[in-house]
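Heads up: the structure comes next, in structure tokens.
Just so we're on the same page: letters track the sequence lines, and every chain starts at 1. Only heavy atoms go into these numbers, but all of them, side chains included; no hydrogens, no water, no symmetry mates.
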Protein chains: 2
Amino acid sequence: MKLSKTSGYTIRLLSYMINSDLQVFQAGFLSEKLRIPDKYLRKILTDLSKSGFIKSIRGREGGYVFAKNANKITLWCVIDSIENINNYTGCVLGFGECSEENPCSLHYEYLPVREKLLNFLKTTTIADLKNENIGKF
Amino acid sequence: MKLSKTSGYTIRLLSYMINSDLQVFQAGFLSEKLRIPDKYLRKILTDLSKSGFIKSIRGREGGYVFAKNANKITLWCVIDSIENINNYTGCVLGFGECSEENPCSLHYEYLPVREKLLNFLKTTTIADLKNENIGKF
DNA sequence: ATAAATTACTACCTCAGTATAGCATTTGCA
DNA sequence: TGCAAATGCTATACTGAGGTAGTAATTTAT
Ligand code: SF4
Ligand code: SF4
């Protein structure tokens with residue numbers, strides 16, 4: 001499962017923040033550390049700020065800080081704020097309305113995979129990504 | 001996990017064929033039954049034919065038939081012939097080279113989900129999609 | 001006060017996936 | 001033989017994700 005580029009950048013970003021000792025992060029600094037296109041990352045930061053995951057501090061000495069506790073930020077809600085979460089939780093064939101009564105031919109084969117994926121997205125938080133032994137962000 | 005439109009169409013197509021009593025299928029017929037844009041589906045059929053999953057019969061009374069046993073056609077190899085299979089088997093953050101020694105922050109959280117997904121794609125075949133109780137294709 | 005450092009906004013460019021259109025080619029049946 | 005029914009090929013248009021550029025707005029250090 002590959003996330004959209006934007007979602008991937010965002011998770012790397014938040015994961016970098018939670019694994020750092022710093023409190024305030026500047027866009028330029030982050031784009032350099034994470035090797036994400038500067039202007040693109042800035043857009044992401046602004047959006048994350050609007051979504052309430054981080055808080056922006058404007059002006060000199062400004063930057064971004066977490067706006068809520070990282071253990072309250074699930075992968076699910078991050079991805080959902082960026083793209084259609086249904087791309088991952090909805091299903092393989094992209095039917096709109098699915099049910100046990102009106103399944104497609106893949107339904108029962110895919111069900112257990114879907115459960116696992118759903119659970120992963122709903123229960124994993126940014127705080128869970130804190131770890132000493134990370135090689136790359 | 002949502003497949004690309006093309007992959008989705010393709011699996012619906014093959015699944016429809018394996019669940020039908022007919023032997024030969026015409027493009028026009030399939031596009032109507034599956035409500036897939038005619039010209040687009042024709043392109044897919046030609047590609048599937050080139051990939052060797054189905055065989056085309058040209059001329060009057062022509063159409064398409066399975067070129068190999070459906071229990072030899074895994075979701076994996078179908079998807080792989082259409083788009084980059086790495087979109088699903090490769091990982092969340094889209095890093096090129098991943099290893100236990102050089103993991104990203106999501107690695108250990110995602111590992112079991114990935115295993116499940118990989119296994120699903122590698123072991124599920126078109127023949128497995130044969131089923132009496134399918135509501136939609 | 002002013003300059004420097006920072007984020008916010010708007011408009012545009014590019015590319016791959018999706019979709020459409022028209023014509024060429026093959027083959028069986030009347 | 002010739003027409004009709006089918007697939008094959010090529011060129012074009014549309015759309016949204018990804019990415020770039022320039023300018024405006026905000027705040028603090030000096
Ligand atoms: S597998 Fe089930 S939930 Fe997914 S598209 Fe098919 S019917 Fe819907
Ligand atoms: S989760 Fe593991 S395999 Fe996936 S991108 Fe991260 S390091 Fe690579």
Side-chain angles (χ1 to χ4, degrees), chain A residues 2-13 17 22-32 34-67 79 81-88 93-94, chain B residues 2-13 17 22-67 79-88 93-94:
Chain A
K2 191 165 77 181
L3 297 172
S4 75
K5 213 103 188 203
T6 307
S7 293
Y9 286 163
T10 303
I11 290 177
R12 287 175 54 204
L13 164 71
M17 287 174 67
L22 300 172
Q23 293 301 315
V24 181
F25 300 83
Q26 278 107 43
F29 172 81
L30 288 169
S31 105
E32 198 172 322
L34 296 163
R35 295 173 308 284
I36 296 172
D38 187 76
K39 288 288 192 180
Y40 199 56
L41 180 57
R42 283 169 195 274
K43 174 71 161 41
I44 291 175
L45 285 162
T46 309
D47 291 346
L48 280 179
S49 186
K50 283 179 180 164
S51 303
F53 298 115
I54 60 179
K55 197 164 47 182
S56 76
I57 304 171
R58 296 185 71 166
R60 190 163 178 162
E61 309 278 284
Y64 298 91
V65 298
F66 274 107
I79 295 170
S81 81
I82 295 167
E83 51 178 319
N84 188 356
I85 189 73
N86 210 256
N87 290 344
Y88 308 100
L93 300 185
Chain B
K2 192 165 77 183
L3 297 171
S4 76
K5 212 105 189 205
T6 307
S7 292
Y9 286 163
T10 303
I11 291 177
R12 287 174 53 202
L13 164 70
M17 286 174 67
L22 300 172
Q23 294 300 315
V24 181
F25 301 84
Q26 279 105 42
F29 173 80
L30 289 169
S31 104
E32 198 173 323
K33 286 293 182 188
L34 296 164
R35 297 172 307 285
I36 295 173
D38 188 75
K39 287 289 191 180
Y40 198 59
L41 179 58
R42 284 170 193 274
K43 174 70 162 41
I44 291 174
L45 286 163
T46 311
D47 291 345
L48 279 179
S49 188
K50 284 178 179 164
S51 304
F53 298 115
I54 61 180
K55 197 164 45 182
S56 77
I57 305 170
R58 295 186 71 166
R60 191 163 176 159
E61 310 277 288
Y64 299 90
V65 299
F66 275 107
I79 295 170
D80 191 38
S81 82
I82 295 167
E83 52 178 320
N84 187 356
I85 188 73
N86 209 257
N87 290 344
Y88 308 100
L93 300 185

Does B/L45 reach a base, just sugar-phosphate, or nothing at all? Heavy atoms under 4.0 Å.
nothing

Would you classify A/G63 as touching base, sugar-phosphate or nothing, given that sugar-phosphate means primed atoms plus P, OP1 and OP2, and contacts are heavy atoms under 4.0 Å?
sugar-phosphate

Could you give the CD-to-P distance, from B/E61 to C/dT25, as a whole number of Å?
23 Å

Identify the two heavy atoms, one from B/I82 and one from B/S7, that lie closest to each other, and give their separation to 0.1 Å.
CG2-OG, 3.7 Å

In this structure, CD of A/Q26 is separated from CD1 of A/I57 (nearest 0.5 Å) by 9.0 Å

Determine yes or no for a side-chain-to-main-chain donor-acceptor pair under 3.5 angstrom, with A/S51 supplying the side chain and A/D47 the backbone.
yes

Below 4.0 angstrom from OP1 or OP2 of C/dT18, is there any side-chain N or O of B/T6?
yes

B/R42 atom CZ is separated from C/dC23 atom C1', nearest whole Å, by 13 Å

Taking for each residue the nucleotide of DNA chain D bearing the nearest heavy atom, is the 5' side occupied by A/R60 or by A/L3?
A/L3

Check the phosphate of C/dC9 against A/K50, side-chain N and O only, distance under 4.0 Å to OP1 or OP2. Yes or no?
yes

Does B/R42 offer a backbone N or O that forms a donor-acceptor pair with the side chain of B/T46 under 3.5 Å?
yes

Value in whole Å for how far the C1' atom of D/dT20 lies from CG of A/L41:
14 Å

If you compare every side-chain N and O of A/Y9 against the phosphate oxygens of D/dG18 (OP1, OP2), does one of them come in below 4.0 Å?
no

Taken to the nearest whole Å, CD1/B/I54 to C1'/D/dT7 is 11 Å

C/dT20 P sits how many Å from B/K43 NZ, rounded?
14 Å

Could you go through A/F29 and A/L22, starting from their C-alpha distance and side-chain angles, then the distance that decides it, and tell me whether this counts as side chain to side chain contact (heavy atoms under 4.5 Å, CB included)?
CA-CA 12 Å; A/F29 172 81; A/L22 300 172; 3.9 Å; yes

From CD1 of B/I82 over to C1' of C/dA16, roughly how many Å is that when rounded to an integer?
16 Å

Taking the side chain of A/Y64 as its heavy atoms from C-beta onward, which of C/dC9, C/dA8, D/dG18 lies nearest to it?
C/dA8

Whole-Å gap separating C1' (D/dG19) and CZ (A/R35):
18 Å

Nearest to the side chain of B/Q26, heavy atoms from C-beta on, is which of D/dT20, D/dA4, D/dT7?
D/dT7

A/D38 CG - C/dA5 C1' separation (whole Å):
14 Å

Give one of base, sugar-phosphate or nothing for A/K55, where a contact means two heavy atoms less than 4.0 Å apart.
nothing

Classify the side chain of B/R58 and the base of C/dT26 as holding, or not holding, a donor-acceptor pair under 3.5 Å.
no

To the nearest 0.5 Å, atom OG of A/S81 lies from atom CG of A/L48 at 6.0 Å

Taking only the side-chain nitrogens and oxygens of A/Y40, find out if one of them lies under 4.0 Å from OP1 or OP2 of D/dA21.
no

Between D/dC9, C/dG28, C/dC9, spot the one nearest the side chain of A/T46, thanks.
C/dC9

Does the side chain of B/S56 get closer than 4.0 angstrom to OP1 or OP2 of D/dT7 through an N or O atom?
no

Which comes earlier along DNA chain D counting from the 5' end, the contact point of A/K5 or that of A/K39, where each point is its nearest nucleotide?
A/K5

